[in-house]
Amino acid sequence: MTNINRQVIMKTRPVGMPVLENFEIIESPIPEIRHGEVLIKILWLSLDPYMRGRMSAAKSYAASLNEGDVIMGGAVGQVINSNTSQFKEGDIVEGFTLGWQEYAVTTPSTIRKINPDLAPIQTAVGVLGMPGMTAFFGLLHVGKPIPGDTVVVSAASGAVGQLVGQIAKIAGCYVVGIAGGKEKCSFITETLNFDAAIDYKNEDIDKKLTEYCPDGINVYFDNVGGKITDTVINQLANYARVAVCGVISQYNLIEPESGLRTHRSMLTNQATTEGFLVFQFAQKYHIAIKRMAKWIKEGKIKYKEDTVEGLENAPSAFIGLMNGKNFGKLLIKVSE
Ligand code: NAP
């Protein structure tokens with residue numbers, strides 16, 4: 001082990017779509033740990049759309065970064081030194097604020113020990129981590145599907161969307177995914193068994209929704225916002241539920257986009273819209289992890305990861321995520 005820690009910092013705050021010049025790789029000594037702290041060697045980084053919010057100065061649920069800060073985010077790592085009885089050397093842990101770096105010093109309250117026998121360890125930031133919990137609770141608690149419902153999900157091949165569709169199938173629903181491009185659409189229907197897919201880049205979403213959802217949409221799990229959402233909301237069924245999970249189409253806008261007025265559809269269909277943040281379900285994560293792990297073992301849930309090697313490639317991979325280049329849960333493999 002060297003005593004150098006490579007870190008990715010936000011050099012300048014992005015305006016609009018992030019560019020490589022907003023990031024810089026720096027080197028600093030690996031810090032010493034004090035009483036009550038642990039030193040973690042980062043193995044996997046999770047790249048997630050919400051990180052764009054952290055890079056903005058605007059008020060959000062995730063604290064804003066300042067220029068010069070290490071990019072914060074979820075990661076999986078191994079404890080290599082511990083000054084607390086709660087963790088020992090060799091433990092594999094997941095933490096939400098370990099950040100884009102090779103080594104992180106943290107305290108026990110920010111990490112959880114993971115069971116490597118359950119599934120490959122990187123799933124702790126994927127299907128058995130934050131995106132998986134988002135799909136599980138967002139669909140089942142907010143979308144409240146019942147068997148026979150028609151469920152539509154946007155960003156359907158992504159980390160959250162691919163799981164939403166499969167959980168909806170387990171719940172006995174008819175599932176339509178909206179994704180960008182033929183390859184992603186074929187994947188969700190052929191490999192994940194969604195009933196239908198709409199390629200929003202090449203197909204008329206409105207026409208396709210009319211064809212696939214003749215009785216209207218009972219649950220819309222929204223990952224993208226913007227024009228796609230305007231179109232879906234105009235085809236809701238009576239008493240529909242809209243689970244607002246994310247608005248990735250809006251994250252890089254410099255000026256707010258004006259949209260269709262959707263209240264008429266909400267009113268006439270007596271529909272409900274509910275925004276949610278996954279953390280509100282934290283007390284129940286253990287239930288979802290157990291069920292998702294069982295569904296994976298039974299072959300009822302598949303998950304696609306998109307792995308990029310090397311910490312230095314995190315900035316370009318993140319920019320790719322904002323442009324739909326990732327295909328599945330985006331991970332950076334930092335170390336063996
Ligand atoms: P992801 O799907 O793995 O990656 C983002 C995908 O969004 C891209 O691959 C791209 O797929 C699509 N996309 C990008 N720009 C788009 C645009 N302008 N219009 C339409 N689609 C676009 O990301 P994820 O981790 O699953 O997250 C999905 C959403 O959930 C995000 O909005 C995220 O912020 C949100 N989220 C919310 C919570 C919560 O607690 N509420 C938790 C986790 C995630 P295509 O090629 O198909 O366009």
Side-chain angles (χ1 to χ4, degrees), residues 48-50 126-127 129-180 184-185 187-189 192-200 205 208-209 212-213 215-251 262 265-266 269 271-281 288 291-292 295 300-304 324 328-329:
D48 300 280
Y50 80 88
V127 58
M130 189 273 284
M133 301 302 100
T134 304
F136 186 95
F137 292 106
L139 178 71
L140 299 175
H141 282 237
V142 183
K144 300 186 186 79
I146 56 169
D149 272 353
T150 292
V151 174
V152 172
V153 55
S154 50
S157 74
V160 175
Q162 59 175 283
L163 302 173
V164 169
Q166 293 180 85
I167 298 168
K169 288 300 295 176
I170 292 170
C173 299
Y174 174 85
V175 179
V176 180
I178 303 176
K184 289 180 176 181
C185 286
F187 168 73
I188 60 175
T189 50
L192 304 185
N193 295 323
F194 285 31
D195 297 284
I198 302 173
D199 172 1
Y200 75 90
I205 307 175
K208 286 288 167 188
L209 286 174
Y212 296 142
C213 316
D215 298 323
I217 296 154
N218 304 104
V219 179
Y220 175 43
F221 192 104
D222 188 12
N223 283 316
V224 303
K227 286 185 185 144
I228 293 176
T229 295
D230 290 348
T231 311
V232 176
I233 286 188
N234 273 334
Q235 298 220 21
L236 295 179
N238 277 342
Y239 312 112
R241 282 84 61 203
V242 178
V244 183
C245 174
V247 288
I248 196 168
S249 72
Q250 313 291 293
Y251 295 164
T262 51
S265 175
M266 299 305 295
N269 294 305
T272 312
T273 303
E274 187 177 340
F276 71 94
L277 296 176
V278 64
F279 314 106
Q280 70 180 271
F281 303 105
R291 292 205 189 158
M292 299 280 272
W295 288 335
K300 290 181 181 159
I301 288 222
K302 299 188 176 82
Y303 57 93
K304 182 164 175 49
K329 169 65 205 156

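Because the structure is a prediction, the values reported are computed rather than measured.
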If the condition is side-chain hydrogen bond (donor to acceptor under 3.5 Å, both in side chains), which residues does [X] pass it with, not counting sequence neighbours?
| X | value |
| --- | --- |
| Lys169 | Asp195 |
| Gln250 | Glu257 |
| Asn218 | none |

Residue list, salt bridge (charged side-chain N to carboxylate O under 4.0 Å, His left out) with [X], at least two apart or on another chain:
| X | answer |
| --- | --- |
| Lys300 | Glu298 |
| Lys329 | Asp48 |
| Lys304 | none |

[X] versus [Y]: any side-chain heavy-atom pair under 4.5 Å?
| X | Y | answer |
| --- | --- | --- |
| Phe136 | Phe281 | no |
| Val247 | Val224 | no |
| Val244 | Glu274 | no |
| Val219 | Cys173 | no |
| Tyr212 | Val152 | no |
| Val160 | Val164 | yes |
| Asn193 | Val175 | no |

* Verdict with reasoning, Leu163 to Met292, per side-chain contact (heavy atoms from CB on, under 4.5 Å) -> CA-CA 10 Å; Leu163 302 173; Met292 299 280 272; 4.3 Å; yes
* Tyr50 side, atom OH; Cys245 side, atom SG - distance, nearest 0.5 Å ->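 The distance works out to 13.0 Å.
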Ignoring hydrogens, what is the shortest heavy-atom contact between [X] and [Y]? Give both atom names and the distance.
| X | Y | value |
| --- | --- | --- |
| Ala168 | Leu139 | N-CD2, 3.5 Å |
| Ala196 | Tyr174 | CB-OH, 4.2 Å |
| Ala243 | Phe276 | CB-CE2, 4.2 Å |
| Ala156 | Gly177 | CB-CA, 3.6 Å |
| Cys185 | Ala179 | SG-O, 3.8 Å |

* Ile217: which of Ile233, Val242, Val232, Val176 passes side chain to side chain contact (heavy atoms under 4.5 Å, CB included) ->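 Going through the options one by one, the only one that passes is Val232.
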* Asked: What pairs meet the salt bridge (Lys or Arg N to Asp or Glu O under 4.0 Å) rule with one or both residues in residues 215-226, with sequence neighbours excluded?
  ->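 Output for this query is empty, none listed.
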* To do: Start with the C-alpha distance between Thr273 and Tyr220, add both sets of side-chain angles, then the distance that settles side-chain contact (heavy atoms from CB on, under 4.5 Å), and finish with yes or no.
  => CA-CA 9 Å; Thr273 303; Tyr220 175 43; over 6 Å; no
Just to verify, what does [X] make a side-chain contact (heavy atoms from CB on, under 4.5 Å) with, not counting sequence neighbours?
| X | result |
| --- | --- |
| Asn234 | Leu260, Ser265 |
| Ala271 | Leu236, Ala240, Met266, Asn269 |
| Tyr239 | Gln270 |
| Leu192 | Gln162, Gln166, Phe187, Ile188, Phe194, Lys302 |

* So, the side chain of Ser157 versus the backbone of Lys184: is there a donor-acceptor pair under 3.5 Å, distance only? ->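 Answer holds: no.
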* To do: Carefully, step by step, assess Asn223 and Val153 under the rule side-chain contact (heavy atoms from CB on, under 4.5 Å).
  => CA-CA 7 Å; Asn223 283 316; Val153 55; 3.9 Å; yes
* Can you tell me which residue pairs pass the side chain to side chain donor-acceptor pair (under 3.5 Å) test with a partner in residues 137-153, sequence neighbours excluded? =>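 Non-adjacent pairs meeting side chain to side chain donor-acceptor pair (under 3.5 Å): Asp149-Arg241.
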* Asked: Could you go step by step and tell me if Thr231 and Tyr200 meet the side-chain hydrogen bond (donor to acceptor under 3.5 Å, both in side chains) rule?
  -> CA-CA 11 Å; Thr231 311; Tyr200 75 90; over 6 Å; no
